[in-house]
Amino acid sequence: MKAHYLIRPKNLAGWLLGSCKGFGPESSSCETLALLRFPLPLRVLHYLRLVLPFSSAAASLAPSDLPSQPEESDEVVRDTAMGDSQYSFSLTTFSPSGKLVQIEHALTAVGSGQTSLGIKAANGVVIATEKKLPSILVDETSVQKIQSLTPNIGVVYSGMGLDFRVLVRKSRKQAQQYYQLYKETIPVTQLVRETAAVMQEFTQSGGVRPFGVSLLIAGYDDNGPQLYQVDPSGSYFSWKASAMGKNVSNAKTFLEKRYTEDMELDDAIHTAILTLKEGYEGQISANNIEIGVIRADREFKVLTPAEIKDFLEEVE
């Protein structure tokens with residue numbers, strides 16, 4: 001009959017160091033235990049429950065060799081060390097403070113991305129973003145940060161471009177399915193909700209990670225011009241004007257000062273350019289920013305470099 005002892009995590013390392021007393025130097029059990037003599041991280045000790053089978057030779061162990069009950073101070077130290085960082089590798093586990101730490105890391109990826117913004121005017125919506133290329137050798141025409149989802153809906157992102165491509169493909173597919181079923185374009189709010197549902201699904205499934213992007217979705221339908229922001233958590237809100245990316249604080253402060261309810265679309269474009277220019281590192285030009293607009297005709301359009309240059313001259 002084999003006996004089993006539950007080795008408590010707090011006493012595991014110390015117990016292993018002295019556990020060979022009851023065995024001879026040639027004992028295979030002692031050799032096995034010797035392999036385990038290495039420092040174990042506190043996170044491993046917290047979860048590890050090690051059950052070791054012992055033969056009748058275990059009777060020779062003195063009571064002092066068996067694990068003792070952890071002291072209250074040991075529990076305090078363990079609980080203190082188990083902060084939010086201990087849960088940063090798990091997407092589906094809440095930390096003691098009630099956070100999903102991986103989502104916060106995804107928001108950090110968004111915050112390190114290039115600045116993007118959107119402004120809802122009385123007669124349309126404008127979205128704009130920086131477009132810094134990693135090298136002067138990159139063909140600038142191959143980089144497009146603003147995409148159209150439907151003829152009347154456009155989107156821009158801050159964060160990881162590869163995740164953005166996945167979401168654009170899924171959103172276009174959802175819009176097409178809606179059109180095939182109802183023979184009309186999908187409402188802006190519904191497409192935003194479906195896109196946010198995809199992003200939320202990736203926050204509670206094992207083996208996946210959150211999308212490292214935030215989206216600004218601009219559209220025009222029967223409810224007029226609309227602007228939504230969708231975050232990696234899957235939450236979304238309607239905005240009059242918003243910004244995201246590494247210069248988000250200054251950009252939002254600038255927008256709060258310049259935004260008015262009766263702003264026309266051309267004024268909104270000027271404000272968007274000034275906001276990007278406020279935090280842009282270097283000389284802003286028609287080739288290093290992108291602007292997309294949708295007017296009352298419900299046709300989303302990405303401005304050409306020549307059109308952006310005209311607006312830049314008006315601002316200067």
If you compare all heavy atoms of [X] against all heavy atoms of [Y], which two are closest, and at what distance to 0.1 Å?
X      : Y      : value
Thr271 : Thr275 : O-OG1, 2.7 Å
Ala268 : Met263 : CA-SD, 3.5 Å
Pro225 : Lys120 : O-CD, 3.2 Å
Asn123 : Leu265 : OD1-N, 2.9 Å
Lys309 : Ala286 : N-CB, 3.9 Å
Ala272 : Ile119 : N-CD1, 3.8 Å

Single-linkage hydrophobic cluster [X]~[Y], side-chain heavy atoms < 4.5 angstrom:
X      : Y      : result
Ile153 : Tyr179 : no
Val248 : Val230 : no
Val192 : Val166 : yes
Val143 : Ile284 : no
Leu162 : Val138 : no

Between Val198 and Phe211, does a side-chain contact (heavy atoms from CB on, under 4.5 Å) hold up when you go through it step by step? CA-CA 9 Å; Val198 172; Phe211 288 96; 4.1 Å; yes

Quick check: do [X] and [Y] have side-chain heavy atoms less than 4.5 Å from each other?
X      : Y      : result
Lys246 : Thr115 : yes
Thr304 : Ile308 : no
Pro210 : Ser233 : no
Thr129 : Leu117 : no
Val168 : Tyr157 : no
Pro232 : Val110 : yes
Leu191 : Ile217 : no
Arg209 : Phe202 : no

Hey, what do you get for [atom1] ([X]) to [atom2] ([Y]), rounding to the nearest 0.5 Å?
X      : Y      : atom1 : atom2 : value
Leu274 : Leu312 : CG    : CG    : 9.5 Å
Ser171 : Glu194 : OG    : CD    : 9.5 Å
Ser238 : Asn223 : OG    : CG    : 10.5 Å
Glu264 : His270 : CD    : NE2   : 12.0 Å
Leu181 : Ile186 : CG    : CD1   : 10.5 Å
Tyr280 : Ile273 : OH    : CD1   : 13.0 Å

Short side-chain donor-acceptor distance under 3.5 Å, [Y] and [X]:
X      : Y      : result
Thr150 : Asn152 : yes
Gln200 : Gln204 : yes
Tyr228 : Gln226 : yes
Ser116 : Ser158 : yes

Step-by-step side-chain contact (heavy atoms from CB on, under 4.5 Å) determination, Arg172 to Gln147: CA-CA 10 Å; Arg172 286 173 174 171; Gln147 298 283 345; 3.2 Å; yes

Please check this pair: side chain of Ser148 against backbone of Pro151, looking for a donor-acceptor N/O pair closer than 3.5 Å. no

Looking at Met199, is its backbone amide N or carbonyl O close enough to the side chain of Thr203 to form a donor-acceptor pair, meaning the two atoms are under 3.5 Å apart? no

Scan Gln176, Arg169, Gln177, Lys170 and name whichever one has a side-chain contact (heavy atoms from CB on, under 4.5 Å) with Lys173. Gln177

Which pairs pass salt bridge (charged side-chain N to carboxylate O under 4.0 Å, His left out) with one or both residues in residues 215-224, sequence neighbours excluded? Asp222-Arg298

Do other residues, nucleotides or ligands put more than 12 heavy atoms under 6.0 Å from [X] [atom1]?
X      : atom1 : result
Lys301 : NZ    : no
Glu313 : CD    : yes
Glu201 : CD    : no

What verdict does the side-chain contact (heavy atoms from CB on, under 4.5 Å) test give for Asn288 and Glu130, after you've listed the backbone C-alpha separation in whole Å, the side-chain angles of each residue and the deciding distance to 0.1 Å? CA-CA 6 Å; Asn288 53 29; Glu130 298 176 357; over 6 Å; no

If hydrophobic residues (ILVMFWY) are linked whenever their side-chain heavy atoms come closer than 4.5 Å, directly or via other members, who joins Val125 in its cluster? Ile127, Ile146, Val156, Leu216, Tyr220, Leu227, Phe237, Trp239, Met244, Ile294, Phe300, Val302

Test Thr195 against Gln174 for side-chain contact (heavy atoms from CB on, under 4.5 Å), laying out the working first. CA-CA 9 Å; Thr195 304; Gln174 184 64 39; over 6 Å; no

Side-chain ion pair, Glu261 and Lys240, N-O less than 4.0 Å: yes

Pair Arg258 + Glu278, salt bridge at N-O below 4.0 Å: no

